[in-house]
Amino acid sequence: MNTNLPNRYDFKTIETKWQQRWQHEQTNKVSADTEKKKYYVLEMFPYPSGRIHMGHVRNYSIGDVIARYKRMQGFNVLHPMGWDAFGLPAENAALKRGIHPADWTYDNIAYMRKQLKAMGLSYDWDREIATCRPEYYRWEQLLFIKLLEKGLVYRKETTVNWCDDCATVLAREQVIDGCCWRCDQQVLPKTMYGWFLKITDYADELLDGLDKLTGWPEKVRTMQRNWIGKSQGLACDFQIENSDKKIKIFTTRPDTIFGVTFMSLAVEHPLVDELINGTPQEQEVRDFIRQTKIEKQRNTLDDELDKKGAFTGKYCINPFNGERVPVYVANFVLMEYGTGAVMAVPAHDQRDFDFAKKYMLPIRPVVQPNDLLLSADDMEAAWEDNGVLAESGDFSGMESTAAKKAIIHHAEKMGFGKPHVTYRLRDWGISRQRYWGAPIPVIHCDDCGTVGVPQEQLPVTLPGTDAADGNNAPLHQQESFYKTTCPKCGKPAQRETDTMDTFVESSWYFIRFTSPRKTDAPLDKTAAEYWLSVDQYIGGVEHAILHLLYARFFTKLLRDLGLLTVDEPFSNLLTQGMVIKDGSKMSKSKGNVVDPNDLITQYGADTVRLFSLFAAPPERDLEWNAQGVEGASRFLNRVYRLILANTACFSGNDTVEMARLDSNNRQLYRKIHQTIQRVTGSIETNFHFNTAISAVMELVNDISSAINHQDSLDNAVLKEALQTVLLLLFPMTPHFCEELWEQTGHAENISTARWPECNPSAIQEEELTIVIQVNGKVRNRLQVQLDISDDQLQELALADERVNKFLGDKKPKKIIVVKRKLVNIVV
RNA sequence: GCCCGGAUGGCGGAACUGGUAGACGCAAGGGACUUAAAAUCCCUCGGCACUUGCGGCUGUGCGAGUUCGAUUCUCGCUCCGGGCACCA
């Protein structure tokens, strides 16, 4: 053994060397090639916030292992990277530092790109995109125009959260206790125009598609299902007494309609005004409405308000039984959901029950459970389950499920109602009154109305990004931007000054990656057809709803524009857990961040990658542990020394001849192939790299002890063992393995090597270990021949000395023999 | 309130379709090497007790159940994490 070998490998030199080599040899460059089977692996692209954090390291390490593993298996692998570059933080950072958001963003991209390269991630950097570049967002603007033409994007007036000091709309998560997150000013509701994408048109398809996404975690599918929130029921009209107006309601419980004892309207309901005009109740109701609006504004949405309401003095008619029903305005009815009017059934809805108790309205049970009889007098809570209908006219005696259908059918026949579906999902408001985003490409003309910017005039570029002293004021403050002429009539007109929500950019970037440099269209159809859908998408579960839903939506939009044929963007999804330290997520505000940069400098990229893969399975949270990194480093150094001390075995050309191996060599050879099987299995079934790594560690331990304890170690076996270690580790620690591969005399890079295959005849054990139990407790283990019969096994077990000690003179009541595994003697 | 997850040594985590619980790693303790330290190598390492033996009992959040046998299946809880939440 050569004792002059260094204890630790020089990761700095090695990593730089191989990063340069890969770049120079364009190892990771790919193009569509229909001759080859493709694999598209993608990690959610980062927001260029400044520097990468441990969450990125984890995310990209996982993706890179998959990419490299699939390449070794002969796939044509697309593995791109880009930047989700528009957004609020850039603008805030720019404000704070007095610089331009573009400068801030491009500087960050340059720095973070360097960091990613230092991790040795196998991206095809020629495909890099940044969404803030006109070359990218011009296509988004084109899509916008096309959607506008198809009526899938529209403009409407809505109420938004407005901060006067910041002169902008705030997202709901930016409103903290009713105040602006940045300046602490009270946030005001403001009605203004904004642009909306008609995602609700796709609600059903987005919902149904979830059933087919079997490669997604059930959790994410459930979250999306809940978010879409489909409810089926009855839409029904209640005529207002002495009026020609009707109140439209929606209910999922038509079976309870005979239990209606009042009607509740939202305070914003358009009919309220005329119901109360000139009535004695008018003042009281108006006071109540004003009070409720204030309370709703103040309420942080966290806790429920007490049920309150006010009687309008008017009645409406239940079309099913002709009863007069008093009409209330109530604080718990939402204008945004259903019709803003709710038929109240106190016996079968807890909110209505609370309300009825408070205002002493009648409670009338009309759905009876099987095991007890509800009566209004002794009910303490609403009965919300199904049951059998009572006091419900012709429908009495029917079971809820059947009654629902019958009642809807009846309403339809009589013409006062019909089946109806409602969604929780709202159309997607994409307008932002911000500078740092893609301008919405429309022009407002007094004569022609709202006109889309003609295709040949795209892109509408964001002003000020090129000049060093560029102006980054919101667009509505930049006259040179918004003053324009109407493309239709040529008269003076105004450009739209809203920019798009950054979620729009990230809704189709994975498509653009398939043809990122296409200059005459958003995508190259052939390339998109070849690469899509993304075979494996990887990212944080925090994007489970918005991003992943929007991306699915956009894929369907592009399909319906004839640009794509796929229905779903991501066939498999891996949601990785968070990186935790001291019990909470790493974050600047908690002060528990570990900078990956420091680690890479101290241990090298391969060690950091290895640790992040080894510490936990990907879907689980990863508890940060500094000593764990030390352990990963120790392991690599051990492998390094092991291989360099045994380079001699690589000079021979001999291959393993199983028949000629003695028992010890046979055993190591078996271990090699068992390890290949285990590692491949771990990756294939669920990407559990932690167990894959531990399997390799076992192999390394076995090789070491074979070297130390075996005199007649077979050269070919040792060579195959060491090569296998490198091949199996390569996707996780690429620089390290490339270097050792080269140093052991291989002419070709390990990047081009094939993933090892398990030889099934090699993994056969020579003997079986049989567990002998007495009453289910392990009492002995026996080594037996492979071909032993069950009868022989049973005999052996009964003859066993240790077993007999426990049996005493008791007679076996029953003997269970599990083939090749165990014998259990029951006494 | 509703819907998902999860709970295994001091720690991160293993365990195929019910069949050897604790792989692998970390930490800890002991030893070797060294003038010494680091590094490296070897050994021990769930708990309990009279540890005389290559041994025994107990042990996968808690309580029941099914089974020859349960970390794994069923029922009922507890705690932790996440999502949604006055959705009619």
Side-chain angles (χ1 to χ4, degrees), chain A residues 6-8 217-227 229-231 233-234 249-253 256 264 266 296 299 301-307 330-334 336-345 348-352 354-355 422-425 541-542 544-545 577-578 580 611 614-617 619-632 634-635 637-638 641 678 681 685 688 690-698 700-701 704 708 769-781 802 805 812-819 821-827:
Chain A
N7 249 346
R8 294 176 160 257
E218 188 51 48
K219 180 185 178 178
V220 175
R221 295 199 280 166
T222 309
M223 281 165 75
Q224 290 210 355
R225 256 180 223 119
N226 293 341
W227 186 262
K230 181 176 184 173
S231 297
L234 167 71
I249 61 101
F250 169 71
T251 181
T252 54
R253 291 299 303 273
T256 65
S264 320
K296 279 194 174 178
N299 194 315
L301 302 165
D302 286 341
D303 35 34
E304 284 181 22
L305 295 166
D306 281 343
K307 308 280 174 290
N331 66 343
F332 62 90
V333 179
L334 305 172
E336 314 84 80
Y337 184 81
T339 60
V342 182
M343 66 172 215
V345 186
H348 303 294
D349 181 288
Q350 192 56 42
R351 292 156 302 175
D352 297 341
D354 295 343
F355 194 90
T422 294
Y423 301 89
R424 206 195 78 100
L425 184 71
V541 74
E542 64 272 21
I545 296 171
M578 296 182 297
I580 303 284
F611 170 72
F614 180 59
E619 72 280 2
R620 245 199 260 188
D621 286 350
L622 185 156
E623 174 72 39
W624 179 255
N625 175 1
Q627 278 121 3
V629 190
E630 195 71 52
R634 207 177 295 160
F635 170 69
N637 281 307
R638 191 156 66 231
R641 288 190 300 271
R678 280 172 65 188
T685 52
H688 277 198
N690 55 329
T691 52
I693 293 166
S694 69
V696 179
M697 285 172 166
E698 280 186 46
V700 169
N701 290 345
S704 297
N708 292 335
T769 307
I770 302 295
V771 172
I772 312 296
Q773 297 181 332
V774 177
N775 285 337
K777 284 184 181 171
V778 182
R779 294 305 177 190
N780 204 359
R781 286 164 198 140
R802 292 250 281 277
K805 219 171 85 185
K813 209 191 292 174
K814 196 172 171 189
I815 299 174
I816 288 126
V817 180
V818 180
K819 238 181 191 22
K821 259 193 187 140
L822 64 74
V823 179
N824 187 12
I825 303 164
V826 188
V827 291

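The basis for the numbers below is simple: all heavy atoms, side chains too, and nothing from hydrogens, waters or symmetry mates. This structure is a prediction, so every number in the text was calculated from the model and none was measured. By convention in this document, chain letters (A, B, ...) are assigned in the order of the sequence lines, proteins followed by strands, and residues within each chain are numbered from 1.
- Residues A:K307 and A:D354 come closest through the heavy atom pair CG-CB, 4.0 Å.
- Within the shown strands, B:G1 is the pairing partner of B:C84 under the Watson-Crick or G-U definition, both distances less than 3.5 Å.
- Of all nucleotides present, only B:G63 satisfies the Watson-Crick or G-U wobble test against B:C75, with each distance under 3.5 Å.
- At the phosphate of B:G81, neither OP1 nor OP2 sits under 4.0 Å from any side-chain N or O atom of A:R620.
- Look at A:N690 and you'll find a side-chain N or O under 4.0 angstrom from OP1 or OP2 of B:A14.
- Using Watson-Crick or G-U wobble geometry with both donor-acceptor distances under 3.5 Å, B:C41 finds its partner in B:G31.
- Rounded to whole Å, the C1' atom of B:A38 lies 41 Å from the corresponding atom of B:C80.
- The side chain of A:R351 places an N or O atom within less than 4.0 Å of a non-bridging phosphate oxygen (OP1 or OP2) of B:C87.
- Not a single donor-acceptor pair, N or O on each side, falls under 3.5 Å between the base of B:C68 and the side chain of A:K813.
- In this entry B:A15 has no Watson-Crick or G-U wobble partner, no candidate having both defining distances under 3.5 Å.
- The phosphate of B:U67 has neither OP1 nor OP2 within less than 4.0 Å of any side-chain N or O from A:N824.
- Remark: A:K814 is in phosphate contact with B:C68, judged by side-chain N or O atoms under 4.0 Å from OP1 or OP2.
- One can find a donor-acceptor pair under 3.5 Å joining the base of B:G19 and the side-chain atoms of A:Q773.
- Taking CG of A:L425 as the start and CD of A:Q224 as the end, the distance is 10.0 Å to the nearest 0.5 Å.
- Contact annotation: the side chain of A:K813 never approaches that of A:V827 to less than 4.5 Å [non-hydrogen atoms, C-beta and beyond].
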